[in-house]
Novice: 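Right, I'll just put the structure down here and ask away after.
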Amino acid sequence: MADCFVGEKEYFPNIEKIKYEGPKSDNPLAFKFYDPDKEVGEKKMKDHLRFAVAYWHSFCADGSDPFGSATFAHSWTVGAKTPMEAAQNKMDAAFEFFTKLGVGFYCFHDRDMAPEGDSPAESEKNLFALVAKAKKLQEATGVKLLWGTANLFSHPRFMNGAATNPEFGVVALAAAQVKAAIDATIELGGQGYTFWGGREGYMSLLNTDLKKEKDHLGRFLVMARDYARKQGFKGVFYIEPKPMEPTKHQYDHDAETVIGFLRHHGLDKDFRLNIEANHAELAGHDFVHELETAAAAGLFGSVDANRGDPRNGWDTDQFPISHYETAMAMHAILKAGGFTNGGLNFDAKIRRNSVDPSDLFIAHIGGMDAFAAGLEIADRIIGDGKINAFVKQRYSTFDTGDGAKFGKGELTLEQLAKIGTDGGYGENGKNGKNRGIGITSGRQEHLENILNRYMLGLW
Ligand code: XLS
Ligand code: CA
Ligand code: CA
């Protein structure tokens, strides 16, 4: 497969480019639903879904967890004489993987790509050596950068936070890292830059000045935005909400919280939300709730595609497999106009006992198929129109007359109250057909049954 790897060594030698073989295929290394060039509505599947691979889980994680050591023996680290050599090999493996899988994008943290040096200057030098290589590999393969970010949570210096750290020196070191990661993202033509507030939160209010920390976070993001724009960054900034873990409380708690924060700091023109399914679950929300909340504010941007485990409340970052969830998500995304700069980034990791090199491919294939199926179901929902027509009809009393005036803000409370008393809407049980106005079925079960027919293609 000489066209699928550009380094000297092939890291996945027994795996060929993954092809679409359809739902009846028994081949675990083939797509069952994701047919990249298939037209769905007005776009090809690949342009709707804009899949990205997460560098960190796929090429950096070693299978260790709090109870046990590494289980993955990555072929790209074996035999490397220095951390920089290992990082170069890892990048060859990553681009071979992207190409064989057939994704258009990837996402990375600075420290995924290059090892930390002995000083900020050395760390930056390491990063830019790898950025130069990534640039060549992007050109050779056509794979693009969806977004870049800085890892402001792994190093012990960030144990009390980065932009919200109680020590100024740590905030300054975080700035050095963010500045370099923004430069790297610009150099690689990144379409976005993400802030996930790794440890921007608190473990105890007894030792925390909450107001100061939140002010510092806002100030830091304004500075980062201004710097990136000055350097010519045209992409989108994202905040990725998460309610907890690793801190007890993260300031970017959920979509609604982040929307308020962005507006408060005047960041809502430059920032959008990157919604992660597992984080929604940790916040006690459905994935689709977070997507619709972001979209309703005009701030939907991108997605970290994964799933949690509803039984344990951890950030397990498993690959998405539920067609119900992906259908609801794609319906929300299509209603919001689809992706522009964003995409579906698989922020997901294989389990630590998935040690066969093919497992990484199979996991991504499953996730891509789940979203392709979700896209088709969402397209049926929209194309057939029954559900959306019901919703439109449900609010139709606001389309004309006084209802429309209310929507446009053309009524005072006195006027609205007068319509209530004199407008002929009746009292309970008198003018309404049944038990009075407002006693109208929400038809939830009926709509759920329609959805299930779309799910199975039996509409
Ligand atoms: C961790 C986050 C992280 C961000 C990128 O929970 O999901 O991986 O997506 O820093
Ligand atoms: Ca994430
Ligand atoms: Ca996560």
Novice: Checking Asp254 against Thr257: is there a side-chain donor and acceptor pair closer than 3.5 Å?
Specialist: yes
Novice: If you measure from CG on Leu101 to CZ on Phe12, what distance do you get to the nearest 0.5 Å?
Specialist: 10.0 Å
Novice: Look up atom CG in Leu262 and atom NZ in Lys269, then write down how far apart they are to the nearest 0.5 Å.
Specialist: 10.5 Å
Novice: Distance alone, cut at 3.5 Å: any donor-acceptor contact between the side chains of Thr164 and Glu200?
Specialist: yes
Novice: What closest approach, in Å, do Ala86 and Thr77 show between heavy atoms, and which atom pair accounts for it?
Specialist: CB-CG2, 4.3 Å
Novice: Please verify the inter-ring angle class for His74 with Phe72; under 30° counts as parallel, over 60° as perpendicular, anything in between as tilted.
Specialist: tilted
Novice: Are Lys9 and Asp92 ion-paired here, with the side-chain N under 4.0 Å from a carboxylate O?
Specialist: no
Novice: Are the side chains of Ser25 and Lys32 in contact, using a 4.5 Å heavy-atom criterion?
Specialist: yes
Novice: Are Cys107 and Trp56 packed together at the side-chain level, in the sense that at least one heavy-atom pair is separated by less than 4.5 angstrom?
Specialist: yes
Novice: Do Asp304 and Asn274 pair up side chain to side chain, a donor and an acceptor below 3.5 Å, judged on atom types alone?
Specialist: yes
Novice: Could you state the interatomic distance from CG (Leu29) to NZ (Lys17), rounded to the nearest 0.5 Å?
Specialist: 13.0 Å
Novice: Would you say the ring centers of Tyr106 and Phe95 fall short of 6.0 Å from each other?
Specialist: yes
Novice: With no hydrogens and no angle check, do the side chains of Asn306 and Asp347 hold a donor and an acceptor under 3.5 Å apart?
Specialist: no
Novice: State, yes or no, whether a side-chain contact exists between Arg50 and Leu344 at a heavy-atom distance under 4.5 Å.
Specialist: no
Novice: Before we go on, tell me: are the rings of His57 and Phe346 under 6.0 Å apart, centre to centre?
Specialist: no
Novice: Could you tell me if Glu213 and Tyr251 have a donor-acceptor pair between their side chains, going purely by distance under 3.5 Å?
Specialist: yes
Novice: Would you say that Ser302 contacts Asn345 through its side chain, given a criterion of any heavy-atom pair below 4.5 Å between the two side chains?
Specialist: no
Novice: Ring centroids only, cut at 6.0 angstrom: are Phe261 and His265 within range, meaning strictly under it?
Specialist: yes
Novice: What is the distance from atom CG of Leu49 to atom CZ of Phe371, rounded to the nearest 0.5 Å?
Specialist: 8.5 Å
Novice: In this structure, is the centre-to-centre distance between the rings of His323 and Phe33 below 6.0 Å?
Specialist: yes
Novice: Taking the side chain as every heavy atom from C-beta outward, state whether Arg229 and Asp270 have any atom pair closer than 4.5 Å.
Specialist: yes
Novice: For Phe31 and Tyr20, I'd like to know if the aromatic rings sit close, meaning centre-to-centre distance below 6.0 Å.
Specialist: no
Novice: Nearest 0.5 angstrom please: Met113 CE to Gln88 CD, how far?
Specialist: 11.0 Å
Novice: Below 6.0 angstrom between ring centroids: does that apply to Tyr238 and Trp196?
Specialist: no
Novice: Which heavy-atom pair separates Ala305 from Ala348 by the least distance, and what is that distance?
Specialist: O-CB, 4.1 Å
Novice: After noting the C-alpha distance and the side-chain angles of Tyr227 and Asp183, does the key distance pass the side chain to side chain donor-acceptor pair (under 3.5 Å) rule?
Specialist: CA-CA 10 Å; Tyr227 172 73; Asp183 290 343; 2.6 Å; yes
Novice: Between Asp252 and Lys242, is there a salt bridge with N-O shorter than 4.0 Å?
Specialist: no
Novice: In terms of relative ring orientation, are Phe51 and Tyr34 parallel, tilted or perpendicular, with 30° and 60° separating the classes?
Specialist: perpendicular
Novice: For residues Asp209 and Lys211, determine if any side-chain heavy atom of one lies less than 4.5 Å from a side-chain heavy atom of the other.
Specialist: yes
Novice: Kindly indicate whether the side chain of Glu240, heavy atoms from C-beta on, has any atom under 4.5 Å from the side chain of Phe195.
Specialist: no
Novice: Does the distance from a Lys or Arg side-chain N to an Asp or Glu carboxylate O, for Glu376 and Lys38, drop under 4.0 Å?
Specialist: yes
Novice: Closest heavy-atom contact between Asn160 and Pro166?
Specialist: O-CD, 3.6 Å
Novice: Show, in sequence, the C-alpha distance, side-chain angles and deciding distance for Arg307 and Glu281, and conclude whether the salt bridge (Lys or Arg N to Asp or Glu O under 4.0 Å) test is met.
Specialist: CA-CA 8 Å; Arg307 78 178 202 273; Glu281 176 155 350; over 6 Å; no
Novice: Considering non-hydrogen atoms only, spot the tightest contact between Gln138 and Leu145 and give its length.
Specialist: OE1-CB, 3.8 Å
Novice: Indicate, with yes or no, if the rings of His109 and Tyr55 have centres closer together than 6.0 Å.
Specialist: no
Novice: Check whether the side chains of Gln250 and Thr247 place a donor and an acceptor atom closer than 3.5 Å, and report yes or no.
Specialist: yes
Novice: Could you measure the distance from the CG atom of Leu210 to the NE2 atom of His249? Nearest 0.5 Å is fine.
Specialist: 7.0 Å
Novice: Report the C-alpha separation of Glu116 and Asn126 in whole Å, then their side-chain angles, then the decisive distance to 0.1 Å, and conclude whether the side-chain contact (heavy atoms from CB on, under 4.5 Å) test is met.
Specialist: CA-CA 7 Å; Glu116 173 134 10; Asn126 289 351; over 6 Å; no
Novice: Side-chain contact test, heavy atoms from C-beta onward, threshold under 4.5 Å: evaluate it for Met328 versus Leu291 and give yes or no.
Specialist: no
Novice: What are the two closest heavy atoms between Met91 and Ala134, and how far apart are they?
Specialist: SD-N, 3.5 Å
Novice: Would you please indicate if the ring centroids of Phe300 and Phe339 are separated by under 6.0 Å?
Specialist: yes
Novice: On a heavy-atom basis, which atom in Cys60 and which in Lys90 lie closest, and how many Å separate them?
Specialist: SG-NZ, 3.4 Å
